[in-house]
Chemist: 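Supplied in structure tokens, the structure appears directly below.
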Number of protein chains: 2
Amino acid sequence: MESEQVTGAKEIPDIVVGRLPIYLRALQRMMEEGRRLTSSQELGERLGISAAQIRKDLSQFGEFGKQGTGYSIEFLAEQILHILQVNQVWEMVVVGAGDIGSAIARYQGFANRGFRVIKLFDSDPQKIGQEVGPFTIHNASELEDTIRQAGIKVAMIATPSASAQGVADRLVSAGVKAILNYAPISLNVPEDVQVQYIDPVIHLQRMTYYL
Amino acid sequence: MESEQVTGAKEIPDIVVGRLPIYLRALQRMMEEGRRLTSSQELGERLGISAAQIRKDLSQFGEFGKQGTGYSIEFLAEQILHILQVNQVWEMVVVGAGDIGSAIARYQGFANRGFRVIKLFDSDPQKIGQEVGPFTIHNASELEDTIRQAGIKVAMIATPSASAQGVADRLVSAGVKAILNYAPISLNVPEDVQVQYIDPVIHLQRMTYYL
DNA sequence: TAGATTGTTAATCGATTAACAATC
DNA sequence: TAGATTGTTAATCGATTAACAATC
């Protein structure tokens with residue numbers, strides 16, 4: 001094909017982007033296992049995804065494999081890290097220091113996967129000043145200052161539902177561009193701000209349909 | 001159309017089932033707001049989903065609306081509760097009493113949404129016997145007995161990655177049919193067992209692509 | 001009645017899969 | 001070389017959207 005979109009590079013489907021972190025996680029696991037090479041078939045079997053789909057997805061970004069031998073696990077992982085921009089560490093703030101906020105602030109799983117929590121906030125005077133693992137709970141009134149000064153782009157909301165939209169508005173106004181929301185409520189944000197949701201009940205209800 | 005699948009009722013696409021909990025959550029929020037009626041258009045605007053899609057999705061299960069007036073929020077919510085089988089309370093066990101396991105055991109958001117945690121397990125002798133909110137941490141060796149005696153069908157895994165597959169195998173052997181896995185690893189389970197995953201890093205990495 | 005909104009059909013759009021030449 | 005596996009094309013499959021008759 002010789003025609004090309006004038007508007008710029010070809011658009012990568014969102015659903016493809018969404019699978020890259022899954023591929024990356026599997027590749028990093030294989031690295032821990034000491035493996036060197038893999039194939040679209042093996043990766044697909046591990047993940048329950050067809051080999052063709054994995055090859056198709058990866059081909060959107062470049063040619064990372066070798067015919068006959070497959071993919072270097074380390075090389076492919078490195079490529080995906082770059083594509084997802086997680087070959088750097090994104091500093092995050094957590095808003096809401098209840099059970100969930102405290103647990104995610106202390107979560108060990110961010111290390112080596114591109115993220116680090118730098119500060120934990122709450123608006124409850126009873127909680128402000130208390131320690132949660134290595135964190136001191138800060139007054140939520142300092143939210144904007146912290147975000148602006150540290151150039152924070154990523155935040156997690158773990159407040160009650162009633163506060164979540166208000167917190168989101170403040171995060172966005174201070175420059176946050178990606179929000180992971182643990183409050184069970186849909187957020188309205190500008191188009192250029194990414195939002196993802198974690199609500200365990202949504203997942204559970206999806207499963208009980210089949211029981 | 002007069003033909004009918006001999007194999008049984010028409011198959012509902014998984015992606016449609018996956019949206020029902022989202023609809024339900026929005027409807028329950030509207031109920032809290034004291035609303036009585038809604039429309040596919042309003043619901044769609046709240047959720048960022050097209051009105052046509054919502055009507056199409058719902059039409060897979062029956063006719064729940066009225067031309068000209070829309071949907072009774074309470075009635076539609078009730079119908080979806082039934083479809084998803086969350087018009088009952090599913091008792092759950094949580095395996096792993098670290099930060100995450102303790103937080104989800106105490107999570108207030110399960111109430112009124114069809115789920116209740118009844119027991120929390122860990123294999124660490126240091127933790128067994130300790131209290132976590134209203135729960136006492138039980139020895140993971142009692143897992144199978146508890147599940148069989150209480151007829152538990154739903155479980156959450158919040159162990160380290162290395163233990164997750166082993167725990168899943170034990171859950172399945174004891175009769176669990178739905179697993180929500182917080183460990184960042186893909187699980188292999190029989191076809192008749194549902195698995196859903198919660199890994200915040202997957203969501204975060206999906207967003208950083210666009211930053 | 002006039003206006004609004006459903007449920008459904010057909011058309012469109014997009015994603016997945018199958019197949020295979022290229023090549024390591 | 002023979003075997004294996006990629007990257008890519010074309011075909012298939014499935015999901016979304018647009019449109020509208022039905023009707024509250």
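By convention in this document, chain letters (A, B, ...) are assigned in the order of the sequence lines, proteins followed by strands, and residues within each chain are numbered from 1. Bear in mind that the values here come from a model prediction, so they are computed numbers and not experimental data.
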Chemist: Could you work out which one of D:dG7, C:dA15, D:dT6 sits closest to the side chain of A:Ile15?
Modeler: C:dA15
Chemist: When rounded to the nearest 0.5 angstrom, what distance separates CD1 in B:Ile198 from OH in A:Tyr182?
Modeler: 8.0 Å
Chemist: Give the intermediate values and the outcome of side-chain hydrogen bond (donor to acceptor under 3.5 Å, both in side chains) for residues A:Glu42 and A:Thr38.
Modeler: CA-CA 6 Å; A:Glu42 183 192 42; A:Thr38 188; 2.3 Å; yes
Chemist: Between A:Tyr23 and A:Asp57, is the side-chain hydrogen bond (donor to acceptor under 3.5 Å, both in side chains) condition met? List the steps.
Modeler: CA-CA 10 Å; A:Tyr23 299 161; A:Asp57 285 352; 2.6 Å; yes
Chemist: Within this structure, what is the CD-to-P distance between B:Gln41 and D:dA18, rounded to whole angstrom?
Modeler: 13 Å
Chemist: So, applying side-chain hydrogen bond (donor to acceptor under 3.5 Å, both in side chains) with A:Asn87, which one of A:His82, A:Glu78, A:Gln79 is it?
Modeler: A:His82
Chemist: If you check the A:Lys56 side chain, which of C:dT17, C:dT6, C:dT8 turns out closest?
Modeler: C:dT17
Chemist: Counting only side-chain heavy atoms from C-beta out, which of D:dT8, D:dT16, D:dT6 sits nearest to B:Gln53?
Modeler: D:dT16
Chemist: Does A:Arg19 come within less than 4.0 Å of A:Asp14, counting only side-chain N to carboxylate O?
Modeler: no
Chemist: Is the number of heavy atoms from other residues, nucleotides or ligands under 6.0 Å of A:Gln108 CD greater than 12?
Modeler: no
Chemist: Looking at B:Asp122 and B:Ala97, would you say the former's side chain and the latter's main chain have a donor-acceptor pair under 3.5 Å?
Modeler: yes
Chemist: Which residue lies toward the 5' end of DNA chain C, B:Thr38 or A:Asp14, if each is placed at its nearest nucleotide?
Modeler: B:Thr38
Chemist: Specify the separation, in whole Å, of atom CG of A:Leu76 and atom C1' of D:dG7.
Modeler: 14 Å
Chemist: For A:Leu84, does its backbone N or O pair with a side-chain atom of B:Thr208 as donor and acceptor, under 3.5 Å?
Modeler: yes
Chemist: Starting at CD1 of B:Ile54 and ending at P of C:dT8, how long is that distance when rounded to a whole Å?
Modeler: 16 Å
Chemist: Give the minimum heavy-atom separation between B:Tyr209 and A:Ile83, together with the two atoms involved.
Modeler: CD1-O, 3.3 Å
Chemist: Between the side chains of A:Arg46 and A:Glu33, is the shortest nitrogen-to-carboxylate-oxygen separation below 4.0 Å, so that they form an ion pair?
Modeler: yes
Chemist: Before giving the answer on side-chain hydrogen bond (donor to acceptor under 3.5 Å, both in side chains), spell out for B:Gln165 and B:Asp169 the whole-Å C-alpha distance, their side-chain angles and the decisive distance to 0.1 Å.
Modeler: CA-CA 6 Å; B:Gln165 182 65 57; B:Asp169 294 342; 2.9 Å; yes
Chemist: Identify, residue by residue, the members of residues 42-51 of chain A with a heavy atom below 4.0 Å from DNA chain D, and return them in order of residue number, or none.
Modeler: none
Chemist: To the nearest Å, how far apart are A:Asp57 CG and D:dT6 P?
Modeler: 13 Å
Chemist: Separation of B:Glu11 atom CD from D:dA15 atom C1', in whole Å?
Modeler: 15 Å
Chemist: Going 5' to 3' along nucleotides 19-24 of chain C, which nucleotides have protein heavy atoms under 4.0 Å from the base (write B), which only from the sugar-phosphate (write S), and which from neither (write -)?
Modeler: B--BBB
Chemist: Kindly say if A:Tyr71 contacts the phosphate of D:dG7, meaning a side-chain N or O under 4.0 Å from OP1 or OP2.
Modeler: yes
Chemist: Quickly work out the B:Glu63 CD to C:dT5 P distance and round it to whole Å.
Modeler: 18 Å
Chemist: Salt bridge between B:Glu74 and B:Arg35, side-chain N to carboxylate O under 4.0 Å?
Modeler: no
Chemist: How many whole angstroms separate atom CD of A:Gln60 from atom P of C:dG14?
Modeler: 13 Å
Chemist: Requiring both pairing distances under 3.5 angstrom, list the stems that contain DNA chain D and are made of three or more consecutive Watson-Crick or G-U pairs.
Modeler: C:3-24 with D:3-24
